[in-house]
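Here is the structure we will look at, set down as structure tokens.
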Amino acid sequence: QKEVEQDPGPLSVPEGAIVSLNCTYSNSAFQYFMWYRQYSRKGPELLMYTYSSGNKEDGRFTAQVDKSSKYISLFIRDSQPSDSATYLCAMKAAGNKLTFGGGTRVLVKP
Amino acid sequence: GAVVSQHPSWVICKSGTSVKIECRSLDFQATTMFWYRQFPKQSLMLMATSNEGSKATYEQGVEKDKFLINHASLTLSTLTVTSAHPEDSSFYICSASAGEGNTIYFGEGSWLTVV
């Protein structure tokens, strides 16, 4: 079993819909949780960074962390075709080594 | 704008030659930098962790003599692919952090094609 599980998708939604992404993990030592967006043939771009459990909102993006369930989510409101990309969850314990999910490919159709 | 810069973005080299890729942190001092490799439609695979002024820590299965990593300053790390072969063709990405608990930013990636 992988340390971080993420549905590969593709997740297809119509423009304007809410995109809901999630990851589960097994390592209870993870304290820092991140979501990255990666366009084809580009490096990952940091979207959200949260520490421990709770919610964090930034514009159209909301990240949720539930450490008791070992479950994190990312919601994208009012999705746009430009949001079509692969979304990677990542997390780490003490130290800086990230553990990634496999990524979810998202398609937002006009 | 980008806070971590990689150069070159694209490189083609002949089999048997060596290629150097640079990773620079632009707005902060990076105590730790990471090098990843990514195959098409797959997630990032960590190759090594480099700390400024010390030897890199390589992940299991990564040849340290083939993938030379140098982190000579707090803003620059380099990855040199030595005696490159076609199977080394891949997307190489670096990331950098200012320290424990700090955000980790990624570079734009470097495409290496060995012919």
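Every chain is numbered from 1 and lettered A, B, ... according to where its sequence line falls, protein lines coming before strand lines. Note that this is a predicted model, so its numbers are computed, not measured.
Looking at A:Leu74 and A:Tyr87, their side chains come closer than 4.5 Å, going by heavy atoms from C-beta outward.
Your options are B:Tyr105, B:Phe91, B:Phe106, and the one with the most heavy-atom pairs under 4.5 Å with chain A is B:Phe106. With respect to chain B, the highest number of heavy-atom pairs below 4.5 Å among A:Ser40, A:Pro8, A:Gly102, A:Gly103 belongs to A:Gly102.
Contact of A:Gln6 with chain B is not made at all, since no heavy-atom distance falls under 4.5 Å. At a 4.5 Å heavy-atom cutoff, the contact between A:Arg41 and chain B is made by backbone and side-chain atoms alike. With a 4.5 Å cut-off on non-hydrogen atoms, A:Tyr36 touches chain B through its side chain but not through its backbone. With a 4.5 angstrom heavy-atom cutoff, B:Gln6 does not touch chain A via any of its atoms. For B:Thr103, the parts lying under 4.5 angstrom from a heavy atom of chain A are both the backbone and the side chain.
Comment: B:Lys20 does not engage B:Glu22 in a salt bridge, judged by the lack of any side-chain N to carboxylate O separation of less than 4.0 angstrom. The existence of a salt bridge linking A:Lys97 and B:Glu59 is confirmed by a sub-4.0 Å separation between a basic side-chain nitrogen and an acidic carboxylate oxygen.
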### Query
A:Glu5 and A:Lys70: salt bridge (Lys or Arg N to Asp or Glu O under 4.0 Å), yes or no, with the steps?
CA-CA 11 Å; A:Glu5 296 280 358; A:Lys70 297 189 178 66; over 6 Å; no
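To the nearest 0.5 angstrom, B:Ile104 atom CD1 is 12.0 Å from B:Met33 atom CE.
A:Phe100 and B:Tyr36 have their aromatic ring centers within a separation under 6.0 angstrom.
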